[in-house]
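Let me begin by presenting the structure, written as structure tokens, before commenting on it.
Every heavy atom of this structure was used, including side-chain atoms; hydrogens, water molecules and symmetry mates were not. Here the structure is a predicted model, which is why all the values come from computation and not from measurement.
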Amino acid sequence: INSFAYANLENTNFKNARLWNTDFGSANLTNADLSGADLRSAYLGDADLSNANLSGANLENAVLTNAILDCVGHHICQ
């Protein structure tokens, strides 16, 4: 398992990345580009995905328990 647990990944570009079964627990993914990413079975529990781009991402069996999803999918959030 790849682990980015607790990492600060703000503004990171993971576009079309293969991240299946990756641990992003409690990571800061604010403004991250995860569009088209393969996040099957990824652990995103307690991760901050505020304003992240998840367009076209595969989240099959991903764990999003207590994840912060404010403004996900919105280009402009107020």
Side-chain angles (χ1 to χ4, degrees):
I1 293 178
N2 293 319
S3 180
F4 291 104
Y6 299 96
N8 182 5
L9 301 168
E10 185 172 358
N11 299 311
T12 300
N13 183 354
F14 284 119
K15 186 173 184 175
N16 298 317
R18 289 183 283 173
L19 299 165
W20 59 274
N21 206 32
T22 298
D23 180 2
F24 287 102
S26 299
N28 177 9
L29 289 158
T30 302
N31 297 312
D33 184 357
L34 293 157
S35 60
D38 182 354
L39 292 163
R40 288 176 291 168
S41 299
Y43 181 75
L44 295 151
D46 296 308
D48 187 349
L49 291 154
S50 297
N51 208 36
N53 183 352
L54 292 168
S55 299
N58 185 345
L59 294 164
E60 182 181 345
N61 296 319
V63 176
L64 294 158
T65 307
N66 295 321
I68 300 169
L69 300 170
D70 296 339
C71 304
V72 169
H74 298 273
H75 294 287
I76 300 171
C77 186
Q78 298 175 0

| field | Interatomic distance, Leu44 atom CG to Leu64 atom CG [nearest 0.5 angstrom] | value | 5.0 Å

| said: Do Tyr43 and Leu54 land in one hydrophobic cluster if side-chain heavy atoms of ILVMFWY residues count as linked below 4.5 Å? | reply: no

| request: Under the salt bridge (charged side-chain N to carboxylate O under 4.0 Å, His left out) rule, collect the residues that match up with Asp38, sequence neighbours excluded. | output: Arg40

Donor-acceptor pairs under 3.5 angstrom involving side-chain atoms of residues 18-26: please list them, not counting sequence neighbours.
unit_1, atom_1, unit_2, atom_2, d
Thr22, OG1, Leu19, O, 2.7
Asp23, OD1, Gly25, N, 2.8

| request: Give a yes or no on whether Leu9 and Val72 share a hydrophobic cluster (residues Ile, Leu, Val, Met, Phe, Trp, Tyr; joining criterion: side-chain heavy atoms under 4.5 Å apart). | output: yes

| note | d(Asp48 CG, Leu69 CG) to nearest 0.5 Å is 9.0 Å

| task | Measure the spacing between CG of Asn13 and OG of Ser35 and express it to the nearest 0.5 Å. | result | 7.0 Å

| Rounded distance [0.5 Å steps], CG in Leu39 versus CZ in Phe14 | 9.0 Å

| said: So, taking the atom named CD1 in Ile68 and the one named CG in Leu49, what distance separates them when rounded to the nearest 0.5 Å? | reply: 8.5 Å

| query | Roughly how far apart are Asn51 CG and Leu29 CG, rounded to 0.5 Å? | reply | 12.0 Å

